[in-house]
2 protein chains.
Amino acid sequence: MNTLQLTSTDRATLIRSRFFGRLPQSTFEDVLNSASVSAYEERDVLFRQDESINDVFFVLSGLVRLCRLGKDGREADVALFPEGEMFAETAMFLRQRATASAVAAKRSVIARLNGGKLQQLAATDHEVAQALIEHLCYRGKMTEDLLAEDRLLTATQRVANFILSHCPEDSTSFRLPFQKNILAGKLGLAPEALSRAFSTLRQSGVTVRGRLIEIHDRHALERY
Amino acid sequence: MNTLQLTSTDRATLIRSRFFGRLPQSTFEDVLNSASVSAYEERDVLFRQDESINDVFFVLSGLVRLCRLGKDGREADVALFPEGEMFAETAMFLRQRATASAVAAKRSVIARLNGGKLQQLAATDHEVAQALIEHLCYRGKMTEDLLAEDRLLTATQRVANFILSHCPEDSTSFRLPFQKNILAGKLGLAPEALSRAFSTLRQSGVTVRGRLIEIHDRHALERY
DNA sequence: TCACTTGTTTGACCGGCGTCAAGAAGGGTT
DNA sequence: AACCCTTCTTGACGCCGGTCAAACAAGTGA
């Protein structure tokens, strides 16, 4: 971990994001004034479950895994945040300790927004409150989607879904945006299970070479 | 379904709730003016997945199940709302169709708050926005909890958890607040699996007679 | 009270997925 | 290239929990 300056690409990422994208320039600058930027290596811990945190985190680049640990020591991912996503608002607004740990899933640059400042802005600035509301709705839907997938679909179906939603409509192949390791976690699977799912999908025209996924029959995947 | 007047106990329920509880009297009345109240029988459908809805729902009494249906026809519950809970905000704020169906899990009385009105209030009234933000954080945490439970715990552990969190600290027994059927759905289990979990817990000092649950050894449950 | 419907439990079976262990394949480094 | 270390794949095995079927219990209404 290492403190940094906000680069111009970082600003671009912020402006493109769901949350900051809808704020007027001045508010945007206002929030940013309370922010600090740091770099993390893969596996670095941003915060740990049960710690009390008072900041909101924003992924400027890289990837962050949110995971909970069970009392037997195993851990389960409850969310995965790519570039442009914001997280850890819940702890702040509910005045609670973190319900999960945040770990960099690859080398990442993270902005830390001062929680108090954000909370104060949310209480006085309509635009901020509005943006926050939409952000929270979006996040709620995300986890609800995950829950429903877990309960309704088999491993292979979840993987098929993931491939379909990540391969551009007009393309026949794409690169996984992260290690299979991480993907397994996101889908609630052991790495072995992911591997097996891929090999099941081979008979539906899916080729996997490293991180490169090729689809030869979209419909076969949709049927799954 | 049947249109009703708001009774005084209904008002009490509203005032006790997380969302309305933090609003000043006048705002409270303002929101309520746009509301309509109806009664539903068990299994009545409030709205169906993929329908476009423009209201927010509030459980005045009874119980509502939110469930998604997979393409194979099976369905999975993603939330269960007892008296005092509010739901279906996501569709409104994200301008989306419902991602799940809402079904009364027992005879229920439901208030429907006008979505446009609420959205307008959220955009102009700080108190409303604030209450909404906390409500959404709470809801987000709820589903995240469910997801984590699903991924970390076995059926028996989930049931043990449920019992512990629903039996008052100072008591040795309690009544299930709803049918086992419904509980199974909430825990992401088939009814049979719930039944078996109960019978496993018998050897840890749990007695089940109808809806009455007796705990003879709290620690045994916590150890699970 | 009895009949009928609906909910719950139990047994049998089996498929999905986690776990352990071993081997294969990449990716870096020297 | 040879080496190491990490990630990924494959096989073997076992358990958890879903499904089907049947017995049983509890409500509900006449």
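Naming convention: chains lettered A, B, ... in sequence-line order (proteins, then strands); numbering from 1 in each chain. Reckoned from all heavy atoms, side chains included, excluding hydrogens, waters and symmetry mates.
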**Student:** Per the side chain to side chain donor-acceptor pair (under 3.5 Å) rule, what does the pair list look like for residues 160-177 of chain B, sequence neighbours excluded?
**Tutor:** B/E149-B/N161
**Student:** Using a 3.5 Å distance criterion without hydrogens, assess whether the side chain of B/K180 forms a donor-acceptor pair with backbone atoms of B/G210.
**Tutor:**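 Pair found, side chain donor or acceptor close to backbone of B/G210.
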**Student:** How many whole angstroms separate atom NZ of B/K106 from atom P of D/dT28?
**Tutor:**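 So the two atoms are 13 Å apart, to the nearest Å.
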**Student:** Please identify each residue that fulfils side chain to side chain donor-acceptor pair (under 3.5 Å) with A/R107, with sequence neighbours left out.
**Tutor:** A/E41
**Student:** If you compare all heavy atoms of A/K141 against all heavy atoms of B/R68, which two are closest, and at what distance to 0.1 Å?
**Tutor:** O-NH2, 4.3 Å
**Student:** Just the rounded figure in Å: distance from P of C/dC17 to CD of A/E149.
**Tutor:**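 Going from CD in A/E149 over to P in C/dC17 covers 13 Å.
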**Student:** Please find out if less than 6.0 Å separates the ring center of A/F57 from that of A/F47.
**Tutor:** yes
**Student:** Could you check how far CG of A/L187 sits from C1' of C/dG16, rounded to whole Å?
**Tutor:** 15 Å
**Student:** Output the rounded distance in Å from CG (B/D150) to P (C/dG18).
**Tutor:** 13 Å
**Student:** Within the 4.0 Å limit for protein heavy atoms, which parts of nucleotides 7-23 of chain D are touched? Write it as a string from 5' to 3', B for base, S for sugar-phosphate only, - for none.
**Tutor:** SSBBBB----SSBBB--
**Student:** Whole angstroms only, please: what is the CD-C1' distance between A/E41 and D/dT6?
**Tutor:**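 Spelled out: CD on A/E41 to C1' on D/dT6 is 16 Å.
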**Student:** Cation-pi check, B/R18 to B/Y138: give yes when NZ or CZ is under 6.0 Å from the six-membered ring centre and within 45° of the ring axis, no otherwise.
**Tutor:**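 B/R18 over B/Y138 ring: yes.
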**Student:** Could you state the atom-to-atom distance from CG of B/D72 to P of C/dG16 in whole Å?
**Tutor:** 13 Å
